[in-house]
Structure formats: C-alpha cells, structure tokens
There are 2 protein chains.
Amino acid sequence: MAAAIAALLPARRRRPRSSPNADETRRRVVEAAGEVFAEHGFHAPTIRQITQRAGVNLAAVNYHFRDKDELYATVLHHAHRAAAACALTVNAARPPREQLRACVRGFLQHLLGPARPAWHGRLMAREMAQPTPALDSLVEESMRPRCETLAAILRALTGNRLPRAQHNRIGLSIVGQCLIYSQNRALIERLFPPAPAAANQVDALADHIAQFSLGGIAALLNQAKRRSQSPAITRRAPRRKLPAA
Amino acid sequence: MAAAIAALLPARRRRPRSSPNADETRRRVVEAAGEVFAEHGFHAPTIRQITQRAGVNLAAVNYHFRDKDELYATVLHHAHRAAAACALTVNAARPPREQLRACVRGFLQHLLGPARPAWHGRLMAREMAQPTPALDSLVEESMRPRCETLAAILRALTGNRLPRAQHNRIGLSIVGQCLIYSQNRALIERLFPPAPAAANQVDALADHIAQFSLGGIAALLNQAKRRSQSPAITRRAPRRKLPAA
DNA sequence: ATATAATTAAAACATTTGTTTTAATTATAC
DNA sequence: GTATAATTAAAACAAATGTTTTAATTATAT
C-alpha cells in the first residue's frame with residue numbers, strides 16, 4: 001500500500017535508499033547546475049541546459065530533486081559547506097596583521113579559485129548580489145560566522161577604540177575590496193584587458209588589500225585620536241579660512 | 001505604398017513622428033521597466049509585470065520598442081546619461097584629497113540615491129554584476145570616463161610614484177568599497193539590521209571611504225619607499241627563521 | 001467635417017519552460 | 001532466476017511568456 005501511495009506522489013523521491021549509480025547522476029546534476037547558476041543566476045538557466053550539460057535525462061531534476069527551486073537550494077547548500085571548511089585558515093596565535101592577511105587571502109581564494117569546485121564562491125557572491133529566498137540561510141550559516149571572525153581581528157587591530165558603526169564600515173570596506181573582483185569580473189576584464197585577477201595572482205591581491213586596509217585603519221585611528229584631543233569639533237577640523245582677496 | 005510596407009513590418013515603430021501622448025506612455029514604460037530591471041535583473045521581470053506597473057497596454061512594449069531587448073537597451077541608455085551628468089562634480093582646482101572625497105561622494109550619491117530616478121545607479125551596478133550584451137556600451141560610455149577621472153586624482157595623490165598595476169588595484173579598492181553598498185544591499189540589511197546605508201548617511205559613508213582610502217594609499221607609498229631603500233628584497237622581509245626546537 | 005495615420009486595447013499565437021506521465025531499463029532481494 | 005523496486009528515457013502537458021494580429025480609438029491634416 002505504501003507503494004500505491006508513493007505512486008500517487010510521483011514528484012517525490014520514492015525512497016531515501018539510493019543506488020550508487022543514482023548518487024552519480026545526482027552529483028553530476030549538482031555540479032552542472034552549480035556552474036551555470038554561478039554564471040547566470042537562477043532564472044536564466046533552463047533545466048534542459050542543466051541536464052544536457054550534466055549528460056543526464058531531462059526528468060532527472062524533477063526526480064532526484066523536487067523542482068528547480070530545491071535543486072538550487074541543494075546547490076547552495078553544497079557551497080555553504082565548502083565555505084565553512086575554508087573559514088578555518090586563520091590562526092588566532094599569529095599577530096593580528098597576519099590574521100587579517102590570512103583572512104583576506106582565504107576569502108579571495110574562495111571567490112576566485114581555483115578551488116576545486118570553482119563555482120562555490122562565485123555562486124555565493126551572486127546570491128548576495130541577486131538574492132533569492134535562500135539568502136537567509138546563506139547569511140546565517142556562512143556569512144555571519146565569517147563576519148564574526150573578521151570583526152574579532154578588527155577589534156584586535158583597533159584595540160576596540162572605535163564605535164561599533166565604524167567597525168562595521170571597516171569590515172565592509174575590506175569585504176567590498178574582495179567582492180568586486182568576483183562580482184564585477186566582466187567589468188574589470190573590459191577595463192584592464194589582461195585581467196589582474198588571474199588565479200596565480202590571488203596572493204598578490206591579498207597582500208594589496210591587507211596592506212591598503214591596514215593603512216586605512218591606521219588613518220581612522222589617527223582621526224579618532226585627533227578628534228578626542230579637540231572634542232569641541234566633531235566634524236573634521238576646518239582649514240584656516242582665507243579672507244577673501 | 002510606404003504605408004503598405006509599414007503594414008508588413010508591424011513590429012517596428014511606424015513613424016518617428018510621435019504624438020505627445022505617445023511620448024508619455026514611452027516615458028511611463030521606461031520608468032517602470034527601469035525600476036523593476038534594477039531590482040530583479042533582465043530575465044525575471046515579465047512584460048506583463050512591466051506594462052501593468054506602468055499602467056499601459058501589454059502591446060505597448062512591442063509597439064514603442066521592438067522587443068524586450070531593445071527596451072532594456074533604452075532603459076540602460078537613460079541611466080548612462082544620468083551618470084554622465086553626475087560625473088562633473090569634481091573640481092580640479094581643489095586639493096587632491098578633496099577631489100577624492102567629492103568623487104567618492106558623487107559615486108555613492110549615484111548608487112544609493114536619493115537621486116530623482118533612484119534606479120539609475122542600481123541598474124548600472126546590476127549590469128556590471130550580471131552582464132548582458134549591453135555591458136560593452138555601458139563600460140565605454142560611462143565607466144571608462146569616470147575611471148579616468150579617478151585615475152587622474154590617484155596620480156595626483158601618489159605623485160605617480162607607483163606602477164600602473166598598483167594604481168589600478170587602488171582604484172578598484174575604492175570603487176569596491178562603494179559598490180558593495182549597492183550590490184549587496186540585501187546582505188548588509190541582514191547583517192546590520194538598521195541599514196547603515198540610509199539615504200541621509202551618504203555623506204558619512206563618503207567621508208569614511210575617502211579617509212580609509214587615503215590611509216591605504218599612504219601605507220602603500222610607505223611600503224614602496226621602504227622597498228626602494230632595500231632593493232635586494234622584493235617581497236616583504238622574511239621574519240627570522242627560528243631553528244626547530 | 002472627413003480621411004488618414006498613429007496609438008491603444010484586446011485577443012490570439014507560437015514558443016519556451018517547468019513539470020508529469022508512461023514506458024523501458026537496471027539494480028536488488030528472495 | 002524471478003519478482004519487485006529504483007532509476008532512466010522518452011513523450012506529453014499545462015502554464016507562462018514574448019510577440020503578432022486585428023479591431024477600436026484618438027489625433028492630425030486637408
């Protein structure tokens with residue numbers, strides 16, 4: 001009878017018990033879908049494109065996954081796990097400047113590869129730029145923890161002497177410097193034809209961003225110190241006004 | 001006879017001569033399409049959604065524009081012109097630090113509004129993140145000139161003492177800090193619930209980014225100077241290697 | 001005022017897309 | 001080896017979407 005009921009719900013997987021061969025087609029579908037979702041977003045790619053690229057039958061998506069939405073959710077979940085594995089590369093025993101460099105490098109590595117499934121980072125970057133309902137879980141499971149890591153490094157670097165809002169802005173300044181290379185790849189390739197984000201240049205990029213950001217943080221600390229020394233002026237000190245003529 | 005030929009090509013605009021009423025529907029379609037393209041990209045929005053939002057008939061898109069593609073191109077062209085008008089806010093007579101701040105503020109204003117048609121900047125940001133064939137004209141007409149402005153400011157700030165590749169990276173660091181607020185709005189709203197990019201905070205954001213970037217540039221200049229003083233070491237000086245145990 | 005063109009409105013079309021169904025094949029258990 | 005379930009393959013479907021067509025309406029020129 002259970003079989004009869006299952007026959008009435010044909011769009012669902014019949015049994016969690018899966019043959020090794022079935023696992024292989026699932027894997028191929030996820031891989032193909034990941035690549036194309038990362039490249040063109042959720043709407044543009046069609047199921048026919050995906051299944052053709054995976055070399056499986058059209059119905060495989062609706063058989064192994066409920067529908068296109070669940071396939072996308074599954075693909076994004078795979079990217080989650082890869083990201084989590086990547087976040088552990090920061091060694092809290094090193095000096096904060098080194099930690100920042102390692103954190104940036106890990107992020108860039110994840111975004112620009114060549115991590116083995118190269119689409120993981122790009123897919124997450126795209127999801128942030130063009131959110132679907134799946135964004136919430138992405139933020140909570142992957143982005144927030146990584147954000148906490150960065151925030152801790154920043155607190156160590158500033159001695160916690162800056163207000164929270166400023167810490168947040170600094171974090172976004174650092175992340176923004178990384179994301180632009182992933183999210184605006186097409187733009188950069190057109191502006192600077194020999195793409196400066198080639199895979200083997202990830203380390204050079206990380207060095208640049210870390211150095212640039214350390215300088216930025218130092219400037220903000222200096223500014224805060226100057227302000228606290230002349231507390232009457234909350235904005236920047238006005239330059240001497242030259243009398244007209 | 002010309003009329004007969006026109007009747008055979010019904011998908012084209014019959015005549016460039018347009019009544020004032022027709023101009024109004026064109027305007028409403030462009031406005032509605034701009035908002036929804038900026039929000040959801042090119043593929044997701046349907047012509048029915050757009051025409052309904054504009055309060056015009058479904059066929060208006062294919063009558064006044066050839067098809068969805070040309071409508072998108074037209075919308076993007078409107079955004080171009082608004083961007084060009086916005087790029088003139090930098091006064092070359094001011095000191096470079098001021099120019100940088102003005103440049104950043106103009107860019108942010110364009111991205112985060114509230115410029116009157118608020119979708120202009122967002123649409124361009126989206127086009128860069130998810131390029132269509134229309135990206136090329138966007139880059140050449142809008143981005144490259146703006147980029148040149150920024151590059152000139154940077155050369156003034158560094159005294160042209162850094163290699164070209166490093167100048168490019170600095171420019172991308174600055175632009176990346178701005179773009180993240182537009183391209184990852186959804187992410188930021190989830191991470192920092194009271195959005196720090198509220199419209200009236202554009203000035204504060206521009207101050208932060210300018211200050212941060214000036215500090216970053218100073219750090220890179222320092223680094224270059226240190227390296228040129230000890231030219232044998234091209235990478236950063238290796239720390240003393242501790243012998244094992 | 002009337003004729004002609006331009007524009008709008010409504011319905012119809014053709015295609016694409018996600019999904020289901022039905023049949024064929026393969027693996028698994030007894 | 002046979003029966004049963006799981007998986008794959010192929011075809012069929014239904015809904016949605018971009019586009020056309022045809023008719024109605026409005027503006028413009030003579």
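Here the structure is a predicted model, which means the values were calculated and not measured. Letters go in sequence order (proteins before strands), and every chain restarts at 1.
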Report task. Please say whether more than 12 non-hydrogen atoms of neighbouring residues, nucleotides or ligands are located less than 6.0 Å from CD in B/Glu140. Result -> yes
**Report entry** Paired nucleotide for C/dA23 [Watson-Crick or G-U wobble; both distances under 3.5 Å]
**Finding:** D/dT8
Query raised in the report: According to the Watson-Crick and G-U wobble definitions, with both distances under 3.5 Å, which nucleotide is paired to D/dA15?
Result: C/dT16
Rounding to an integer number of Å, can you tell me how far [X] [atom1] sits from [N] [atom2]?
X       : N      : atom1 : atom2 : answer
B/Arg26 : C/dT7  : CZ    : P     : 10 Å
A/Leu58 : D/dA12 : CG    : P     : 14 Å
A/Glu24 : C/dA27 : CD    : C1'   : 16 Å
B/Phe65 : D/dT19 : CZ    : C1'   : 16 Å
B/Asn62 : C/dT8  : CG    : P     : 14 Å
B/Leu71 : D/dT17 : CG    : P     : 16 Å
A/His64 : D/dT7  : NE2   : P     : 6 Å
A/Lys68 : C/dT17 : NZ    : P     : 9 Å

Could you check which of [options] has an atom nearest any side-chain atom of [X]?
X       : options                : answer
A/Tyr63 : D/dT19, D/dT7, C/dT19  : D/dT7
B/Asn57 : C/dT20, D/dT20, C/dA10 : C/dA10
B/Ala59 : C/dT8, C/dA10, C/dA11  : C/dA10

Report task. Provide the closest heavy-atom pair for A/Leu179 versus A/Ala125 in the form atom of the first, atom of the second, distance. Result -> CD2-CB, 4.2 Å
Quick check against the 3.5 Å criterion: does [X] have a side-chain atom that pairs as donor or acceptor with the backbone of [Y]?
X        : Y        : value
B/Arg126 : B/Glu39  : yes
A/Gln130 : B/His40  : yes
B/Ser142 : B/Val139 : no
A/Arg28  : A/Ala54  : yes

Query raised in the report: Less than 4.0 Å between a side-chain N and a carboxylate O, is that true for B/Arg53 and B/Glu31?
Result: no
Query raised in the report: In residues 33-54 of chain B, which ones come under 4.0 Å of DNA chain C, going by heavy atoms?
Result: none
